[in-house]
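Each remark here refers to the structure printed beneath this line.
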Amino acid sequence: LAGMHTGGMPGYKTATEEYNNTFDVVTQGTWASGGNMNTGRSMLAGTGQVTAALAVAGMIPSAPVGYRSQATEEYNGTAWTSVTNYPTAVRAGSAAGTQTAAVVLPGTKADNSFNAEIYEYDGTNWTEVNELNTPRAASSSVGTQTAALCIGGATPTDPWTPKTETEEYDGTNWTAGGALPAAQAHGDNAATGTQTAAAFATTGFDATYDGSSWTAISATQLLGSPQTSMMATGDGSGDFYMNGGETPGGRSGLSGQHYNGTVYATTPTIATGRNSAACGGTSSAMWIAGGQGPPGAHDAVNTEEFTAGSTAETGSTIDFD
């Protein structure tokens, strides 16, 4: 935008003023390919940052123990490295914390049994710690190793019964937290944030947590069809992304959207349609790895990394000639 004003009535100013304004320059966020996992699997737990990620256990058709895996891998932003196996072969667990200080919540074992076992990881070894109060699987978790939150999940009934209960961890004990507005399961990695500023998001349901109570989000999601087992990443209650997911009858898993604390907006989609993948990171740098792709394919190995977009506001100038 440019403009000019000059002169005026006789006897008045003769100066000319020029006005120039350039608009905001917007750079879109993008997904890019990362390194492949050594053991492809779905329904696995994930936590950590793009350059220091952790992926634990999961489901793999070739696993020797009831389709469950103990595989644990660390990611440095370029390559995945196999490290000490998780103590139990499970699927549908979740994780919180960092690559070198993680807490992993239970999944189902090879005999389909539920459990309340909790293990901590120090970057080398696994240590069993105090159990959850209620055995469950397919719960989500957020936070750190000393301040984690277990969200929803399913109880050992047939069929699985989703739960509204949450539990908070202080590094030693689990205590009851606020109840979800509606029972949720199969979330796996559908939560992000901290123990006092968390978000749980899947199509048709989303809510934020303030450390004591959950509040349903009133903004309208943008996805056109119901999806479960989505991956949520971001910075918590006021800034998170939703990606992938399972649609009825298929795995579209490409749709993405961003919630900024007020509204949802569409975002660039992941390249590989998937659900039940591991994920982590922040709103400006996220990762997704593994998961279930086309129907029956439970062993995706590829990783995708997201770099958020930016807006550069350019200045306006007024020149006096």
Which residues pass the side-chain hydrogen bond (donor to acceptor under 3.5 Å, both in side chains) test with Tyr241, sequence neighbours left out?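 Tyr241 satisfies side-chain hydrogen bond (donor to acceptor under 3.5 Å, both in side chains) with no other residue.
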From [atom1] ([X]) to [atom2] ([Y]), nearest 0.5 Å:
| X | Y | atom1 | atom2 | result |
| --- | --- | --- | --- | --- |
| Thr51 | Asn76 | OG1 | CG | 8.5 Å |
| Glu167 | Thr134 | CD | OG1 | 5.0 Å |
| Thr100 | Leu54 | OG1 | CG | 9.5 Å |
| Met286 | Thr192 | CE | OG1 | 9.5 Å |
| Ile270 | Phe306 | CD1 | CZ | 11.5 Å |

Sub-3.5 Å donor-acceptor pair from the side chain of [X] to the main-chain atoms of [Y], do we have one?
| X | Y | result |
| --- | --- | --- |
| Asn115 | Gly107 | yes |
| Thr208 | Ala199 | no |
| Thr194 | Ala197 | yes |
| Arg91 | Lys109 | no |
| Asn243 | Gly256 | no |
| Thr146 | Asp170 | no |
| Glu117 | Glu128 | no |
| Ser276 | Gln292 | no |
| Glu131 | Ala116 | no |
| Ser141 | Ala95 | yes |

Is any side-chain heavy atom of [X] closer than 4.5 Å to a side-chain heavy atom of [Y]?
| X | Y | result |
| --- | --- | --- |
| Tyr169 | Cys150 | no |
| Phe240 | Asn260 | no |
| Gln257 | Gln221 | yes |

Going by atom types only, do [X] and [Y] share a side-chain donor-acceptor pair under 3.5 Å?
| X | Y | result |
| --- | --- | --- |
| Tyr119 | Asn125 | no |
| Thr272 | Asn302 | yes |
| Thr108 | Arg68 | yes |
| Asp210 | Ser212 | yes |

Evaluate Leu149 against Ile151 for side-chain contact (heavy atoms from CB on, under 4.5 Å), listing each step before the verdict. CA-CA 6 Å; Leu149 181 67; Ile151 305 165; 3.9 Å; yes
Is the distance between the ring centroids of Trp287 and Tyr75 under 6.0 Å?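 Ring centroids of Trp287 and Tyr75 are no less than 6.0 Å from each other.
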